[in-house]
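Values in this document were obtained by computation on a predicted structure and should not be read as measured data. Whatever order the structure lists them in is the order used to number ligands and atoms, beginning at 1. In this chain, residues are counted from 1 in sequence order.
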Amino acid sequence: MGNKHYYIMTFGCQMNEHDSEIMAGMLERMGYSETEKRAEADIIIINTCSIRENADKRFFGSLGQLKRLRMSSRDLIVAVCGCMMQQQHIIDAIKTKYGWVDLVFGTHNIHMLPEMINRVVNERQKLIDVWDEHRGVVEGLPSKRKYDFKAFVNITYGCNNFCTYCIVPYTRGRERSRRPEDILREISGLAESGVKEVTLLGQNVNSYGIADGFDVDFADLIYAVNEIDGIERIRFMTSHPKDLSDKLIMAYRDCEKLAKHIHLPVQAGSSRILKRMNRRYTREDYLLLIEKLRNATGGNIAVTTDIIVGFPGESEEDFQETLSLLETVKYDSAFTFLYSVRKGTPAAEYEDQISEEIKHERFNRMREILDSGMAENNKAYEGRIEKVLVEGSSKKNSRTLTGRTESMKIVNFYGNREMIGKIVDVRITEGKTYSLVGEVL
Ligand code: SAH
Ligand code: SF4
Ligand code: F3S
């Protein structure tokens with residue numbers, strides 16, 4: 001009798017990627033091993049994201065494809081979980097249209113996966129178990145990490161901000177912080193096992209510890225991680241401008257391991273729209289933060305962002321303010337999104353929705369400005385020597401390695417595979433719009 005196999009499909013952000021790593025860790029403890037072939041799997045899990053409408057559509061597409069496989073095998077278990085499952089209308093759709101799904105669970109009870117699988121296997125009946133709210137932070141779960149040399153570490157779960165367009169506070173619940181000693185213990189363990197880069201994860205890392213009344217804040221945590229031997233690079237995601245403290249800005253100056261990069265989502269350049277989005281900062285507040293960050297680092301910090309176009313009520317003048325902000329900041333990279341209506345959020349009810357045509361037209365104008373700023377920034381890297389964490393070889397040609405600079409830029413260069421997982425010096429020979437080319441020194 002062969003080993004049992006699992007196959008996990010993950011949509012969405014790093015939170016979901018990390019949840020999938022934890023599920024993989026639990027499955028391996030149960031004796032399952034990973035397969036890359038769906039047809040070979042004994043359990044298939046789809047970890048879903050609900051951030052925009054196309055995420056929902058992609059999920060139902062993938063689920064539909066599994067029906068034949070499920071029907072042809074009495075033993076295959078199909079499980080669905082993640083953010084979409086925290087919404088009643090999705091559960092209803094699964095019950096009525098995809099009744100053959102074996103197991104449905106949510107974002108708050110992934111730690112129960114082994115028990116849930118055992119119930120489905122032993123009782124051979126369907127199980128839907130979605131919790132409305134988290135019942136405390138669970139520590140000590142195993143995790144099967146994708147990389148040996150870099151790792152995600154959750155520091156907070158959930159979100160309290162209720163930006164009016166966003167589904168996350170409804171799918172992930174209220175913000176909870178892990179205790180600093182648990183976080184530091186985990187990172188020390190990772191360092192001992194060879195991890196060089198950690199990314200501290202939360203929807204808004206800047207409010208770490210506040211809702212839980214800790215006397216350690218996010219900047220304190222960075223200073224503490226900076227002291228851990230073996231860790232060479234610290235990153236974090238995501239940072240909300242309204243809670244970015246001067247103390248954190250100083251950490252960029254003081255902590256040599258803190259990568260000189262910040263992902264600071266602006267969402268829009270117009271204060272009027274920011275107010276309607278409930279972001280709780282103005283255009284001026286945001287630009288002041290960028291100025292402070294650049295001053296504290298002598299200009300040596302890469303800034304990336306998220307932007308939404310076509311939020312309800314966005315006028316051409318509002319949009320022009322976004323464009324002018326992009327020109328002022330000159331981002332190193334940006335995730336750009338068309339506003340997508342999310343059922344249950346306040347903005348879904350706003351009457352002044354923008355047409356798809358205008359959204360697309362604005363989106364294209366915005367991408368042009370962003371791309372030319374990125375090309376200009378990347379050109380300025382030519383001739384520079386950068387420390388690059390080598391992540392792997394590019395798919396097409398295995399002699400071509402790929403890695404990331406401290407500023408998060410992708411660099412491609414020739415090298416040998418033994419460099420994977422190490423930090424090497426690379427001279428940049430060409431700056432393209434979306435990546436750099438270099439040679440190892
Ligand atoms: N907590 C992070 C964001 C997580 S969601 C933060 O506040 O920065 C990632 C990005 O998806 C958001 O920054 C936003 O730009 C985008 N997004 C969220 N909801 C959206 C929606 N309804 N339509 C379009 N983009 C959306
Ligand atoms: Fe969503 Fe806003 Fe929370 Fe980010 S801060 S997850 S955009 S509600
Ligand atoms: Fe998506 Fe949930 Fe992340 S909605 S973006 S997977 S928190």
One thing to verify: whether [Y] and [X] come together as a salt bridge, which I'm taking to mean a side-chain N less than 4.0 angstrom from a carboxylate O.
X      : Y      : answer
Asp285 : Arg280 : no
Asp352 : Arg276 : yes
Glu406 : Arg233 : no
Asp56  : Arg342 : yes
Asp318 : Arg272 : yes

Tell me: protein heavy atom nearest [atom], and distance?
atom                    : result
atom 5 (S) of ligand 2  : Asn161 ND2, 3.4 Å
atom 22 (N) of ligand 1 : Ser340 O, 2.8 Å
atom 8 (S) of ligand 2  : Cys163 N, 3.3 Å
atom 7 (S) of ligand 2  : Tyr165 OH, 3.4 Å

For [X] versus [Y], what's the shortest heavy-atom pair and its separation?
X      : Y      : value
Asp102 : Leu76  : OD2-O, 3.6 Å
Lys242 : Tyr281 : N-CD2, 3.9 Å
Glu284 : Ser271 : OE1-OG, 3.6 Å

### Query
Is there a heavy atom in Ile308 that sits closer than 4.0 Å to ligand 1?
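Yes, that is the case, since the closest heavy atom of the residue is under 4.0 Å from the ligand.
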Which of the numbered atoms in ligand 2 are below 4.0 angstrom from a heavy atom of [X]?
X      : value
Gln203 : 6 (S)
Pro169 : 8 (S)
His240 : 5 (S)
Cys159 : 3 (Fe), 5 (S), 6 (S), 8 (S)
Arg279 : 2 (Fe), 7 (S)
Phe162 : 8 (S)

### Closest to atom 17 (N) of ligand 1 among Met15, Arg52, Met237 (heavy-atom distance)
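Going through Met15, Arg52, Met237 one by one, Arg52 has the nearest heavy atom to atom 17 (N) of ligand 1.
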### Query
Which residue from Asn161, Val205, Asp306 reaches closest to atom 13 (O) of ligand 1 through any of its heavy atoms?
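Among Asn161, Val205, Asp306, the closest heavy atom to atom 13 (O) of ligand 1 comes from Asp306.
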Give the atoms of ligand 1, by number and element, whose distance to some non-hydrogen atom of [X] is under 4.0 Å.
X      : value
Arg342 : 22 (N)
Arg279 : 7 (O)
Gln267 : 12 (C), 13 (O), 14 (C), 15 (O)
Pro265 : 8 (O)
Leu338 : 23 (N), 24 (C)
Phe337 : 10 (C), 11 (O), 15 (O), 16 (C), 24 (C), 25 (N)

### Query
Non-hydrogen atoms of Arg172 versus ligand 2: any pair closer than 4.0 Å?
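False for this residue.
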#### Entry: Close approach, Gln203 and ligand 3, non-hydrogen under 4.0 angstrom
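Contact present.
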### Query
Hey, are Asp371 and Tyr434 close enough side-chain-wise for a donor-acceptor pair under 3.5 Å?
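Yes, side-chain donor-acceptor contact under 3.5 Å.
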### Message
Out of all atoms in ligand 3, which are within 4.0 Å of some heavy atom of Cys83? Include the element for each.
### Response
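Once the distances to Cys83 are compared, the set is 2 (Fe), 4 (S), 6 (S), 7 (S).
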### Query
By number and element, which atoms of ligand 3 are closer than 4.0 Å to a non-hydrogen atom of Cys13?
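Heavy-atom distances to Cys13 below 4.0 Å select 3 (Fe), 5 (S), 6 (S), 7 (S).
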### Query
Does Cys166 put an N, O or S atom under 2.8 Å from atom 1 (Fe) of ligand 2?
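So Cys166 does bind atom 1 (Fe) of ligand 2 by this criterion.
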### Task
Determine whether the side chain, the backbone, both or neither of Pro265 has a heavy atom under 4.0 Å from any heavy atom of ligand 2.
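Within the 4.0 Å criterion, Pro265 makes no contact with ligand 2.
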